[in-house]
Amino acid sequence: MTTSVSEPEVVPVPPARLGEGPRWDDRTGTLLWVDIPAGRVHRLDPADGSHGVIDVGQPVGVAVPRAAGGLALAVRDGFAVLPETRWAAPVGGSGSAVRPDGLGLELIVPVTAGERPGNRMNDGACDRAGRFFAGTKAEDDTPGAGALYRLGPDHRCERVLDGVTVSNGIAWSPDGRLLYYVDTPTGRVDVFDYDPADGRLGGRRVFAEISRGMPDGITVDALGHVWVALWGGGAILRLRPDGRLDLTVEIPATNVTSCAFGGPDLDVLYVTTAWDGTAGGELLRCHTSVEGLPANPYREHA
């Protein structure tokens, strides 16, 4: 069966400086994404086109739904929760300040306090059990200065991978037994054996070498294909479960940062991009003939 993907269309929301981390929240039927350096979490309701913003006061790598309500985030300083959300309408154009909402952002694990100065948290995702994985990077991209962490339901945080340069995309196979992972400067997508019972990783190996641009955010569809955003590559690749190239989706932006399936049938591919000095930063979407996997919320019982 041939996979069809429509031409990307720009979603009419203000562009981001560094858009990242799209996540579909099926409880509310909305899309979440972030503008990392601006410290802003964005939400789009495709049903009516409404767009809201929360300013969390520091750079934010990713925001995911929280099962108890609100959001869980990987902010500059570590893992945090936002118990409630009140979304402010963005003010003016992309350069205008948004209204901070003072919703009680709580830093539950100060991850980067234990790393070298200048590190911040970056992309992340949750497994089916609600464990929150997210990694770090140095702002100056010092090789090997970052790590990958796992935040459990009890707020216990463990470092699961050292020597990371730019921790980026994380996603699981449909059966939850493989974890795909991107450390962008390696130029590849790696895969680990994954134990859904305890969140342990093992057997790291190369899944796919990327020769066009550099791999950034990833997502997995219901058939087990891995979709990879290409920073500097202007495209998204769909890779088969054996790592071979299946499809290339051209994106009208140089720095493609991540992608996620959304919509009521999880068949709309949302794509985030970044400003490259002359263009970029738009949120885009493509309609597809395939179904994605639902995004998992962070679950806690602390």
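FYI, the numbering just counts along the sequence from 1. Keep in mind that what you see is a predicted model, and the values were worked out from it rather than measured.
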May I ask you to decide whether [X] forms a salt bridge with [Y], counting only side-chain N to carboxylate O separations under 4.0 Å?
| X | Y | answer |
| --- | --- | --- |
| D140 | R116 | yes |
| R43 | D25 | no |
| R240 | D242 | no |
| R17 | D35 | no |
| D127 | R200 | no |
| E209 | R188 | no |

Report yes if the side chains of [X] and [Y] come closer than 4.5 Å at any heavy-atom pair, otherwise no.
| X | Y | value |
| --- | --- | --- |
| C157 | I108 | no |
| I210 | W231 | no |
| D77 | T112 | yes |
| R205 | V191 | yes |
| I36 | N122 | yes |

Donor-acceptor check, side chain of [X] to backbone of [Y], threshold 3.5 angstrom: yes or no?
| X | Y | value |
| --- | --- | --- |
| N168 | V182 | no |
| R150 | G199 | yes |
| Q58 | R76 | yes |
| T254 | G280 | no |
| T288 | V268 | no |
| D183 | V166 | yes |
| T257 | G19 | yes |
| R23 | V64 | no |
| S258 | E20 | no |

Working to the nearest 0.5 angstrom, can you tell me the gap between [X] [atom1] and [Y] [atom2]?
| X | Y | atom1 | atom2 | result |
| --- | --- | --- | --- | --- |
| W87 | T30 | CH2 | OG1 | 7.0 Å |
| I236 | D216 | CD1 | CG | 10.5 Å |
| R66 | E84 | CZ | CD | 10.5 Å |
| L148 | S167 | CG | OG | 5.0 Å |

- Query: Parallel under 30°, tilted from 30 to 60°, perpendicular over 60°: which one fits the rings of W172 and F133?
  - Reply: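 Rings of W172 and F133: perpendicular, as their planes differ by over 60°.
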- Item | Side-chain donor-acceptor contact under 3.5 Å, Y194 with R177 |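 The answer is no; no qualifying pair exists.
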- Task: Check whether the side chains of D276 and T278 place a donor and an acceptor atom closer than 3.5 Å, and report yes or no.
- Result: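 Yes, because at least one side-chain N or O of D276 sits under 3.5 Å from a partner of the opposite role on T278.
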- Message: Is the distance between the ring centroids of W33 and Y270 under 6.0 Å?
- Response: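 Judged by ring-centre distance (under 6.0 Å), Y270 and W33 do not meet the cut-off.
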- Message: Before you tell me yes or no, could you show the steps for H287 and D267 under side-chain contact (heavy atoms from CB on, under 4.5 Å), namely the whole-Å CA-CA distance, both residues' side-chain angles and the distance that decides it to 0.1 Å?
- Response: CA-CA 6 Å; H287 296 273; D267 59 355; 5.5 Å; no
- Given the rule in the side-chain contact (heavy atoms from CB on, under 4.5 Å) test, do F192 and V160 qualify, once you have shown the distances and angles that lead to the verdict? CA-CA 12 Å; F192 293 82; V160 297; over 6 Å; no
- Query: Any chance CZ of R156 has more than 12 other-residue heavy atoms, nucleotides or ligands included, within less than 6.0 Å?
  - Reply: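 12 or below, so no.
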